[in-house]
Protein chains: 2
Amino acid sequence: MRRDIFQAIADPTRRAIIGLIALQAMTPNALAEHFDTSRQAVSKHIKILTECELIKQEQKGREIYYSLELEKMKEIDRWLEQFRTMWETRFNQLDEVLSIMKEQKQ
Amino acid sequence: MRRDIFQAIADPTRRAIIGLIALQAMTPNALAEHFDTSRQAVSKHIKILTECELIKQEQKGREIYYSLELEKMKEIDRWLEQFRTMWETRFNQLDEVLSIMKEQKQ
DNA sequence: TATAAGCGCAATTATTCGGTTGCGCAAATA
DNA sequence: TATTTGCGCAACCGAATAATTGCGCTTATA
């Protein structure tokens with residue numbers, strides 16, 4: 001079973017969950033109310049997010065509050081870094097200039 | 001058929017393809033040599049990447065050179081921005097401090 | 001104490017995914 | 001011109017995915 005952060009954020013519901021618990025810790029039931037789906041479905045998403053360490057939990061009585069492990073989100077940022085370097089150093093625009101120059105030659 | 005950029009980068013082979021064609025335009029055959037998979041499998045990935053506009057192509061005779069649509073990668077960056085703001089403003093560390101303070105109270 | 005609420009886990013199901021195989025077509029090459 | 005090469009497309013298959021349903025357990029509440 002592949003379980004990495006990229007697979008975790010592939011699902012739109014999970015991205016929404018991430019967005020919600022980034023702001024405040026929430027219980028599965030509270031989360032489920034935000035979506036047109038069951039608590040069990042939300043719990044399954046939480047399980048996946050937990051398995052790739054994107055989530056931390058705090059038990060309060062019979063309730064479990066889930067919140068985002070922000071540090072883990074940096075993994076996406078680190079992967080993106082190589083491409084950010086490219087668009088920031090305007091490699092893209094350079095490429096376009098080269099294309100135009102090439103066309104003018106022909 | 002869901003087809004967004006987050007679903008596109010969920011697959012490790014596709015992320016590798018993205019990394020390769022970010023540096024230089026490549027044909028499906030050239031790409032397939034980098035992986036332990038067939039050209040057809042690579043072509044399927046390319047199709048998916050094309051469908052979410054992550055890739056542009058240039059036909060040269062019977063060969064097709066694929067390269068990255070760098071601009072589209074920014075979409076991931078934009079989604080990540082909300083979380084980057086959080087870890088850059090050290091909300092995370094603040095949260096830890098609060099936890100420690102709470103523990104000390106008890 | 002009986003009931004309700006919050007939760008995780010397991011079984012089930014329809015759908016999607018990643019891959020292979022087998023075409024057919026157009027461009028390059030012998 | 002005959003053959004090879006590069007490619008996309010469609011059919012097929014096993015595995016993974018997302019969701020539902022039905023538990024059982026623990027903690028609140030009446």
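A note on names: the letters A, B, ... follow the listed sequences, proteins ahead of strands, and every chain is numbered from 1.
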(message) Rounded to whole Å, please give me the gap between CD in Gln59(B) and C1' in dA27(C).
(response) 9 Å
(message) If I take atom CG in residue Asp4(A) and atom P in nucleotide dA16(D), what distance separates them, rounded to the nearest angstrom?
(response) 14 Å
(request) Could you state the atom-to-atom distance from CD of Glu51(B) to C1' of dT16(C) in whole Å? (result) 13 Å
(request) Rounded to the nearest 0.5 Å, what's the gap from CD1 on Ile76(B) to CZ on Arg84(A)? Could you check? (result) 10.0 Å
(message) Between C1' on dT27(D) and OH on Tyr65(A), what's the gap in Å once rounded to a whole number?
(response) 14 Å
(message) Starting the side chain at C-beta, find the nucleotide from dT17(D), dA4(C), dG8(C) nearest to Pro28(A).
(response) dG8(C)
(message) With a cut-off of less than 4.0 Å, is there a side-chain N or O of Ser38(B) near OP1 or OP2 of dT21(C)?
(response) no
(message) If the threshold is 4.0 Å, N to carboxylate O, is there a salt bridge linking Glu75(B) and Lys72(B)?
(response) yes
(message) I want to verify a distance call: between dC7(C), dC17(C), dC7(D), whose nearest atom is closest to the Arg39(A) side chain?
(response) dC7(C)
(request) Please list residues of residues 41-50 of chain A whose heavy atoms come under 4.0 Å from any atom in DNA chain D, ordered by number; otherwise none. (result) Ala41(A), Lys44(A), His45(A), Ile48(A)
(request) Figure out the CD/C1' separation between Glu58(A) and dC7(C), and round it to whole Å. (result) 16 Å
(message) Between Glu63(B) and Lys60(B), does any side-chain N to carboxylate O distance fall below 4.0 Å?
(response) no
(request) Could you tell me whether the side chain of Arg62(A) has a donor or acceptor atom within less than 3.5 Å of a complementary atom in the base of dA5(C)? (result) yes
(request) Measure from CE on Met26(A) to P on dC7(C) and round the result to the nearest Å. (result) 11 Å
(message) Strictly below 4.0 Å, N to O, side chains only: are Glu71(B) and Lys74(B) in salt-bridge contact?
(response) yes
(message) Please report the distance, rounded to the nearest Å, between CG in Leu31(A) and C1' in dC7(C).
(response) 13 Å
(request) Please report, rounded to the nearest Å, how far the C1' atom of dC7(C) is from the CD atom of Gln57(A). (result) 11 Å
(request) State which of dG8(C), dG6(C), dT21(C) makes the closest approach to the side chain of Gln40(B). (result) dT21(C)
(request) Measure the spacing between CE of Met26(A) and CG of Leu31(A) and express it to the nearest 0.5 Å. (result) 4.5 Å
(request) Hey, could you give me the CD1/CD distance between Ile9(A) and Gln7(B), rounded to the nearest 0.5 Å? (result) 11.5 Å
(request) Consider the side chain of Ile64(A), meaning its heavy atoms from C-beta on, and name the nucleotide among dT20(C), dG8(D), dG8(C) that approaches it most closely. (result) dG8(C)
(message) Can you tell me how far apart OG1 (Thr50(B)) and NE2 (His45(B)) are? Round to the nearest 0.5 Å.
(response) 12.5 Å
(request) Please determine if a side-chain N or O atom of Gln7(A) lies less than 4.0 Å away from the OP1 or OP2 oxygen of dA16(D). (result) no
(request) Compare side-chain N and O positions of Thr37(A) against OP1 and OP2 of dT20(D) and report whether any pair is under 4.0 Å apart. (result) yes
(message) Tell me whether the side-chain N/O atoms of Asn29(B) come closer than 4.0 Å to OP1 or OP2 in dT5(D).
(response) no
